[in-house]
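Data block below; observations after.
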Amino acid sequence: MSEKNQEMENIVSLAKRRGFIYNGSDVYGGLSGTWDYGPLGVALKRNIMDLWWKTFVEDREDMYGVDAAILMNQKVWQASGHVDTFVDPLCEDTVNHRRFRTDHILKDNGVNPDGMSMEQMDVTIAEHGIKSPDGNPLSKSRTFNMMFETLIGPAEEKPTVSFMEHGSIKIEMGANTYIADGTGEIRAGARGINPATSYLRPETAQGIFTNFKNVVDSFYPDLPFGIAQQGKAFRNEISPRDFVFRSREFEQMEIEYFVHPDKWQESFDSLLADIKSFLGSLGLPADKIHELEVPEEDRAHYSKRTIDIEYDFPIGKEELLGLAYRTDFDLMNIQNNSGKSMEYTIKGTNDRFVPHVIEPSFGVERALMAVMSAAYTEDEVNGEKRIVMKFPEHLAPVKYCVSPLLKNKPELVEKAREVYQMLKKKHGNVMWDDNGNIGKRYRRQDEIGTPYCVVIDFDTLEDGTVTIRDRDTTEQKRVNIIDIEK
Ligand code: ATP
């Protein structure tokens, strides 16, 4: 196993062992691409999301939060282009029929698929004689739509079968019709989308665009202004992999920042600067963050500029988030398909236009994976190896651990409970630990990244001082209870 894969394995194993992240539906053998957050994982994830919300919404005057429904009218996804084009290229092992993402197959074989059409990918696979990971020939690629479809209300996709003239059979399923004409082939007849069909949203962005007019009507903010949303997104990824990095259910933190078409550049630059400063507050080292200016041939056709922020994850340099100038593409689509005006008038003028938009789009799982890998450290204390998660203090799932030196001394336990309650009232994320000896407790707390361990001993009863130990330096200081927080 390479050193990098080993590092990833270590993080995945710590995440499971210490209650950060478990496999989804684990007791039933799991469900690929899904993950469950344990008590520490949910605390860490919430801290990251809350910091983002505070930074980009609460601390700013130009940002409005929304929380739109996950299920949306199917027209949203038709107008946005997702029904037709939210696809990945899929190829199949011709022997065992395992399916793969064609661009991933190329990448795994050292070929950069960026900018290639699906046909070019197939040609490259043929030219290089690339086989499936199981060593078998690969089929030609086809597109695979990544949206999870579902039916709203008591609608069922039950087929109705009717017999036609000449022995043909007509099968109707929802809005689709198929004809079996006795030749062994089934032809597709009229195709359409069942009016009851909806999708689990593959991005939070559309819930923002569809509320643009509502927010403008309620608040009439001056341009530029942004609407922000956090929440679940679902993508039926062909091959979920790399821990939570590519999941089928994940969370996004997105902003649509509405600007005057002539002034997009300055908002783009200032959002980029704000994002970089936010990444710093996540404790991510600047030398592991890279800006990739996405070339025109790789950008969505409507985007005039896109920067992918990549991070040196243990799995390699990969996309952490994207910042895209999407012009007026989304609002114009909504205007054209809904018949409702998306125009904005600058107050006191006749300057009326559909605003352009800049979109910073951040995946929570990728943020969390970056934070965990930046924090993961192996070092040595007094000749003993230890694993320590050096989370920034404001992100650590547990801030203080409080213990009595000995758990069978009621007077120590009582005093320790007092200190614990005092800190817990203020911070919430305070843990009680009286298991094993102090050394073992420190190791456990190091592994979950608790910045401070407070120990109550016999001196505490005499002079009101406690031992406070620093996670990173392992230094222990004697301080008065009222000075713990100083
Ligand atoms: P990729 O090329 O890696 O599939 P993408 O370009 O499709 O990502 P976007 O559609 O731009 O991703 O989504 C915005 C952000 O959402 C990404 O930068 C990433 O942080 C996150 N994201 C996208 N897909 C997933 C996923 N399957 N699992 C976890 N996070 C994801």
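When a ligand or atom number is given, it counts from 1 through the structure's own listing order. What you see below is based on every heavy atom in this structure, not just the backbone, and it leaves out hydrogens, waters and symmetry mates.
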For ligand 1, find out whether one of its N or O atoms is nearer than 3.5 Å to an N or O atom of E365.
-> no
Less than 4.5 Å apart, any side-chain heavy atom of H356 and any of K263?
-> no
On a heavy-atom basis, the closest approach of L223 and I346 is CD1-CD1, 4.5 Å
F212 and F258: ring-ring contact (aromatic ring centres under 6.0 Å, His included), yes or no, with the steps?
-> CA-CA 9 Å; F212 166 76; F258 300 97; 4.7 Å; yes
Separation of F313 CZ from R366 CZ (nearest 0.5 Å) = 7.0 Å
Considering R235, E237, H104, E203, which one's heavy-atom position lies nearest to atom 27 (N) of ligand 1?
-> E237
Going by the order shown, which atoms of ligand 1 are within less than 4.0 Å of some heavy atom of F245?
-> 26 (C), 28 (N), 29 (C), 30 (N)
The reported gap from CE in M146 to CG in L200 (rounded to nearest 0.5 angstrom) is 13.5 Å
Counting heavy atoms only, name the option from S247, A370, A233, P240 that's nearest to atom 28 (N) of ligand 1.
-> S247
Within-cut-off N or O pair, L320 and ligand 1, under 3.5 Å | yes
Any heavy atom of Q252 under 4.0 Å from ligand 1? The part involved is side chain
Side chain proximity check, R443 to R386, heavy atoms < 4.5 angstrom = yes
For F362, is at least one N or O under 3.5 Å away from an N or O on ligand 1?
-> no
Looking only at protein heavy atoms, identify the closest one to atom 22 (N) of ligand 1 and say how far it is in Å.
-> F250 CE1, 3.5 Å
Look at atom 21 (C) of ligand 1 and say which protein heavy atom is nearest, naming residue and atom and giving the distance to 0.1 Å.
-> G363 CA, 3.7 Å
Do N136 and T94 have a side chain donor and acceptor closer than 3.5 Å?
-> no
E297 atom CD: more than 12 heavy-atom contacts under 6.0 Å = yes
For atom 4 (O) of ligand 1, what's the nearest protein heavy atom and its distance?
-> R246 NH1, 2.8 Å
For D308 and ligand 1, answer yes if some heavy atom of the residue is under 4.0 Å from a ligand atom, otherwise no.
-> no
If you have a sec, work out which protein heavy atom is nearest atom 14 (C) of ligand 1 and how many Å separate them, to one decimal?
-> S361 OG, 2.9 Å
Within reach of ligand 1, part of E319 (heavy-atom separation under 4.0 Å) = side chain
Should we count CD of E343 as having more than 12 external heavy atoms under 6.0 Å?
-> yes
For ligand 1, which atoms, with element, lie under 4.0 Å from some heavy atom of L321?
-> 18 (O)
